[in-house]
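The basis for the numbers below is simple: all heavy atoms, side chains too, and nothing from hydrogens, waters or symmetry mates.
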Amino acid sequence: MDFERDLDPDREPDPFTHADYAARMAAAAQSAADAGLAGLLIAPGPDLAHLTGYRPVDTERLTLLVLAAGQEPVLVVPALEAPDAAKAPGAPALTLRDWADGKNPYGVTAPLLDVGGRFGVSDNTWALHLLGLQRELPATSYAPLTDVLPMLRAVKDERELERLAAAAAAADAAYARILEVRFAGRRETDIAADLAALLREHGHSQVDFTVVGSGPNGADPHHEADGRTIERGDMVVLDFGGLKHGYGSDISRTVHVGEPSAEEQRVHDIVREAQRAASAAVRPGIACQDVDRAARAVITEFGYGDRFIHRTGHGIGVTTHEPPYMVEGEERHLVPGMCFSVEPGIYLPGRFGVRIEDIVTVTEDGGRSLNNAPRELAVVE
């Protein structure tokens with residue numbers, strides 16, 4: 001993959017074809033069979049988008065992709081939504097089966113399923129729909145994909161990596177621009193609005209989060225920007241991202257309003273070293289937890305181990321948070337094509353926090369950061 005080319009935030013990626021979706025569905029069905037499952041039931045959401053390119057609104061009307069090894073994929077849809085489903089990029093690779101209002105959608109779906117099978121289901125599948133299927137087929141059982149096939153979307157192909165690289169480059173560009181705005185005297189919500197606008201300006205169709213944690217609010221890793229007025233002397237944690245070309249961005253940087261104190265600079269330097277160590281540890285064959293351990297070892301060495309209060313990273317793809325997770329106890333090995341965040345932090349309650357985050361992809365012989373925004377402590381006005 002040519003990263004220098006693909007990091008251009010303005011480059012339009014090559015489109016996915018129905019052949020790409022057909023290959024994904026076939027691979028998913030085979031993975032289900034290898035895991036001892038009768039098949040997969042995929043509801044609207046990130047799994048359906050990944051496998052078919054179809055992104056319907058999730059409602060009480062049943063929409064469900066049924067995948068099983070050796071069977072043609074079937075997408076059960078409400079009749080009034082069938083025309084839209086037929087336009088999905090992956091539609092030529094599957095069969096549509098619709099049902100009309102007033103009819104029993106579970107009766108339409110049941111003949112597609114093994115009457116006593118165990119199925120993997122999308123994590124976000126409505127209980128209403130699973131219970132409806134169980135009424136039709138009492139001997140069936142179900143397990144969430146996070147438990148039975150957590151790595152279903154974890155390894156990205158080149159065109160997915162191209163989209164993730166473009167999203168990361170757009171987030172880098174937004175960060176460069178936010179350093180030009182005034183912080184002192186403005187509310188956190190003002191900076192958050194600026195970040196959202198910049199992400200959209202650089203091609204994001206969806207903004208998922210704009211964390212702006214100033215001063216003591218920075219010690220809350222998931223602080224939602226509020227009306228606090230940012231003051232000179234504040235550390236400010238910025239964590240923002242969303243979707244561009246259907247794939248996620250997620251970046252964190254910490255800035256200081258005016259010159260930092262020696263302690264603030266030191267804490268930032270420690271986090272930066274931890275982030276560097278964790279990124280350097282990325283390579284095929286190591287366990288996910290080893291990335292977490294690399295970051296945590298640095299922060300612990302400097303006496304802040306109890307102030308690093310979250311995992312080091314999470315996967316990213318068609319959503320901004322997905323498996324794999326860089327956390328103690330996760331023994332799955334990294335393989336080329338996996339993409340995830342590396343985001344250690346130190347949080348001092350009542351005072352300030354520091355977090356630095358990049359999206360990293362596993363290459364054939366190591367790792368490569370998709371984000372290239374400066375990581376030093378930036379001074380803003």
* Going through the checks in order, is the side chain to side chain contact (heavy atoms under 4.5 Å, CB included) test met by D250 and E357? -> CA-CA 8 Å; D250 189 357; E357 173 187 17; 2.9 Å; yes
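- The two residues T63 and P56 have their closest heavy-atom pair at CG2-CG, 4.5 Å.
- By the 6.0 Å contact criterion, CZ on R186 is enclosed, its count of non-hydrogen atoms from other residues, nucleotides or ligands being greater than 12.
- Take F308 and apply the ring-ring contact (aromatic ring centres under 6.0 Å, His included) test, not counting sequence neighbours, and it matches H310.
- Residues A225 and T189 approach most closely at O-CG2, 3.6 Å, considering heavy atoms.
- Of the N and O atoms on the side chains of H268 and T254, not one donor lies less than 3.5 Å from an acceptor on the other residue.
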* Steps toward side chain to side chain contact (heavy atoms under 4.5 Å, CB included) verdict (I178, L198) -> CA-CA 8 Å; I178 203 67; L198 287 168; 4.0 Å; yes
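- Under the 4.0 Å criterion applied to side-chain N and carboxylate O atoms, E328 and R311 are not assigned as salt-bridge partners.
- Ion pairing between a basic and an acidic side chain is recognised when a charged N comes within 4.0 Å of a carboxylate O; E322 and K156 show such pairing.
- Ion pairing between E160 and R153 fails under the 4.0 Å rule for side-chain N and carboxylate O.
- Applying the side-chain contact (heavy atoms from CB on, under 4.5 Å) rule to A82 yields the partners V77, D98; only residues at least two apart in sequence or on another chain are considered.
- Cluster membership check: V181 shares its hydrophobic cluster with I251, using side-chain heavy-atom separations under 4.5 Å among Ile, Leu, Val, Met, Phe, Trp and Tyr.
- One side chain, S214 or R228, offers a donor N or O that lies under 3.5 Å from an acceptor on the other.
- The CG atom of L152 lies 6.0 Å from the CG atom of L51; values are rounded to the nearest 0.5 Å.
- Between P15 and R159, the closest heavy-atom pair is O-NH1, 2.9 Å.
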* Show your reasoning for whether side chain to side chain contact (heavy atoms under 4.5 Å, CB included) applies to I286 and H333. => CA-CA 5 Å; I286 72 162; H333 289 178; over 6 Å; no
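- Separation of atoms CD (E343) and OG (S252) is listed at 5.5 Å; rounding is to 0.5 Å.
- Hydrophobic clustering places I356 together with F352 (ILVMFWY residues linked when any side-chain heavy atoms are closer than 4.5 Å, directly or through intermediates).
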Throw together a table of side-chain donor-acceptor distances under 3.5 angstrom for residues 25-46, partners on residues two or more places apart or in other chains.
| from | atom 1 | to | atom 2 | distance (Å) |
| --- | --- | --- | --- | --- |
| Q30 | NE2 | D34 | OD1 | 2.9 |
| S31 | OG | A27 | O | 3.0 |

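- Of the possible donor and acceptor atoms, one in the side chain of D290 sits under 3.5 Å from a partner among the backbone N and O of A287.
- A donor-acceptor pair shorter than 3.5 Å can be found between the side chains of W126 and D58.
- One finds the OG atom of S249 at 11.0 Å from the CG atom of L370 (value rounded to the nearest 0.5 Å).
- Put simply, Y325 and V291 are part of two different groups of oily side chains (I, L, V, M, F, W, Y) that touch within less than 4.5 Å, one to the next.
- Residues K244 and G203 come closest through the heavy atom pair CG-O, 3.4 Å.
- Ion pairing between a basic and an acidic side chain is recognised when a charged N comes within 4.0 Å of a carboxylate O; R351 and E263 show such pairing.
- Between Y21 and H50, the side chains place no donor N or O within less than 3.5 Å of an acceptor N or O (distance only, hydrogens not considered).
- Among all heavy-atom pairs drawn from L65 and P73, the shortest one is CD1-CB, 4.4 Å.
- In the hydrophobic clustering of this structure, L348 groups with I299; members are Ile, Leu, Val, Met, Phe, Trp, Tyr whose side-chain heavy atoms approach within less than 4.5 Å, directly or through other members.
- Side-chain atoms of D172 and N371 form a donor-acceptor pair, as typed in the model, at a separation below 3.5 Å.
- Checked by atom type and distance alone, the side chain of T140 pairs as donor or acceptor with a backbone atom of L137 at under 3.5 Å.
- To the nearest 0.5 Å, the span separating OH on Y54 from NZ on K87 amounts to 10.5 Å.
- A salt bridge links R61 to D101: at least one charged side-chain nitrogen sits closer than 4.0 Å to a carboxylate oxygen.
- Between the side chain of S122 and the backbone N or O of T125 there is no donor-acceptor pair closer than 3.5 Å.
- In this structure, M235 and G353 approach most closely via the heavy-atom pair CB-O, 4.2 Å.
- Judged purely by distance below 3.5 Å, without hydrogens or angles, the side chains of D123 and T146 pair a donor atom with an acceptor atom.
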* Report the C-alpha separation of R182 and D194 in whole Å, then their side-chain angles, then the decisive distance to 0.1 Å, and conclude whether the salt bridge (charged side-chain N to carboxylate O under 4.0 Å, His left out) test is met. => CA-CA 11 Å; R182 184 167 185 81; D194 289 343; over 6 Å; no
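- A salt bridge does not link D365 to R283: none of the charged side-chain nitrogens sits closer than 4.0 Å to a carboxylate oxygen.
- Partner of R253 under the side-chain contact (heavy atoms from CB on, under 4.5 Å) criterion, chosen from D358, V237, L377, V236: D358.
- Atom CD in Q289 sits 11.5 Å away from atom CZ in R296 (nearest 0.5 Å).
- H256 and Q265 are not linked by any side-chain donor-acceptor pair at a separation below 3.5 angstrom, with hydrogens and angles left out of the test.
- Side-chain heavy atoms closer than 4.5 Å link hydrophobic residues (I, L, V, M, F, W, Y) into clusters, and following such links, even through other members, never connects V76 to L96.
- Atom CD of E224 has 12 or fewer neighbouring heavy atoms from other residues, nucleotides or ligands inside a 6.0 Å radius.
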* Asked: Yes or no on side chain to side chain contact (heavy atoms under 4.5 Å, CB included) for H314 and F340, after CA distance, side-chain angles and deciding distance?
  -> CA-CA 5 Å; H314 57 81; F340 47 85; over 6 Å; no
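- Atom CD1 of I316 and atom CD1 of I359 lie 4.0 Å apart (nearest 0.5 Å).
- Ion pair E273/R276 flagged as a salt bridge, since at least one NZ, NE, NH1 or NH2 atom sits closer than 4.0 Å to an Asp/Glu carboxylate oxygen.
- The number of heavy atoms from other shown groups lying within 6.0 Å of CD (E60) is above 12.
- Although no hydrogens or angles enter the test, the distance criterion places a donor-acceptor pair under 3.5 Å between the side chain of D20 and the main chain of T17.
- Salt bridge D269/R272: absent, no basic N to carboxylate O contact under 4.0 Å.
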